[in-house]
Amino acid sequence: MVRVITITSGKGGVGKTTTTANLGTALALRGARVTVIDADIGLRNLDVVMGLENRIVYDLVDVVEGRARLRQALIKDKRLPDLYLLPAAQTRDKDSVGPEDMIALVNQMRTDFDYVLIDSPAGIEGGFRNSIAGADEILIVTTPEVSAVRDADRVVGLVEAAEKGPPRLIINRLKPQMVSRGEMLSMEEVVEILAISPIGVVPEDEAILTSTNRGESVVFNQQSRARQAFSNIARRLGGEEVPFMDLTEQTGVFNRLFGMFGKR
Amino acid sequence: MGFFDNLFRRERQTSAQIAKERLLTVLVHDRVKLTPEMMAQMKTELSEVIARYVPEAEPGEIEVTLLHGESSDYLKADIPLRRSKISH
């Protein structure tokens with residue numbers, strides 16, 4: 001039975017697309033059959049993050065409007081045989097698709113996949129509503145910043161109003177050193193403020209950018225701390241009990257002293 | 001928190017603590033969805049009701065605020081009373 005999971009955030013730039021790509025890869029690496037859908041119509045991005053931008057023939061709107069069958073539009077990942085991408089249309093606007101189109105689309109995938117991950121556009125308008133219409137579960141991505149947390153709270157309210165069940169939270173780009181200096185909200189504080197249960201915390205990691213530069217998933221970078229975080233989220237989605245990563249940094253007394261004066 | 005942190009920061013809030021408090025306050029407002037017009041209307045109606053029971057109340061001075069509390073959020077109304085005419 002497929003699980004359709006929408007990854008959303010409210011605020012832009014918090015890492016929805018990166019999360020969708022890496023979580024999809026982590027799930028496929030664990031043997032699941034996965035499709036990731038780019039629902040950000042007009043601002044296609046999931047394809048470049050996954051390094052599949054040169055393989056696009058048809059897109060989501062082509063499938064919705066009947067110019068292509070789903071099978072023709074799905075792009076197979078370069079490395080994983082059971083990971084597919086359904087790209088967004090780049091030259092159309094977001095009104096080309098409605099909520100019922102999205103429900104019909106994911107219903108076509110119910111038999112052939114274990115997970116369908118939908119990368120939502122930023123905002124709380126039509127594109128967001130389309131992206132959650134066919135979802136069974138919602139994951140909300142935020143960073144530990146006041147603006148992102150505030151917007152995440154709006155989205156929590158909208159998801160609950162849409163009766164999608166309680167959304168779960170991914171705290172992205174956390175900087176452990178800043179948290180230990182008291183200069184960044186901790187995972188526990190963000191969870192307390194938003195009052196929804198967390199499914200993962202992803203540390204800030206330069207490997208995300210270098211992997212994205214190459215069009216590869218960070219999940220293939222063995223040295224990366226973010227890799228471990230995404231693998232953990234994939235396992236938790238599968239129902240495993242995985243403890244949250246210990247992100248407390250052991251900084252020395254001198255580092256703390258310098259940190260206090262902003263000299264780090 | 002280490003020794004040095006405690007030494008230097010006892011009085012000062014960290015920016016994370018400030019962020020948390022600001023967020024909790026702004027979210028009370030966001031979640032309740034009271035527009036400024038509704039707030040003004042509510043104050044007017046509250047004044048009318050209170051004036052019926054407590055003539056000493058200062059109708060123009062009612063302050064209504066949304067607050068974040070430990071166990072629950074709350075709507076707080078401050079209604080100052082005139083002192084001069086209170087007799088025992």
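Naming: A, B, ... by sequence-line order, numbering from 1 per chain.
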Residues of residues 26-34 of chain B with any heavy atom under 4.5 Å of a heavy atom in chain A | V26(B), L27(B), D30(B), R31(B)
Hey, which residues of residues 63-77 of chain B are touching chain A, say heavy atoms under 4.5 Å apart?
-> none
R181(A) CZ to S15(B) OG distance, which is reported to the nearest 0.5 Å | 9.0 Å
Roughly how far, to the nearest 0.5 Å, is CD of E21(B) from CD1 of I193(A)?
-> 10.0 Å
What parts of residues 137-159 of chain A touch chain B if we use heavy atoms and a cut-off under 4.5 Å?
-> V146(A), V149(A), R150(A), D153(A)
Enumerate by number any residue of residues 235-244 of chain A whose heavy atoms lie under 4.5 Å from heavy atoms of chain B; in the absence of such residues, state 'none'.
-> none
Which is it for L23(B) and V190(A) under the side chain to side chain contact (heavy atoms under 4.5 Å, CB included) test, yes or no, and what are the steps along the way?
-> CA-CA 10 Å; L23(B) 265 170; V190(A) 176; over 6 Å; no
For the student: nearest non-hydrogen atoms of E189(A) and A16(B), plus distance | OE1-CB, 4.4 Å
So does K43(B) have more than 12 non-hydrogen atoms from other groups sitting under 6.0 Å from NZ?
-> yes
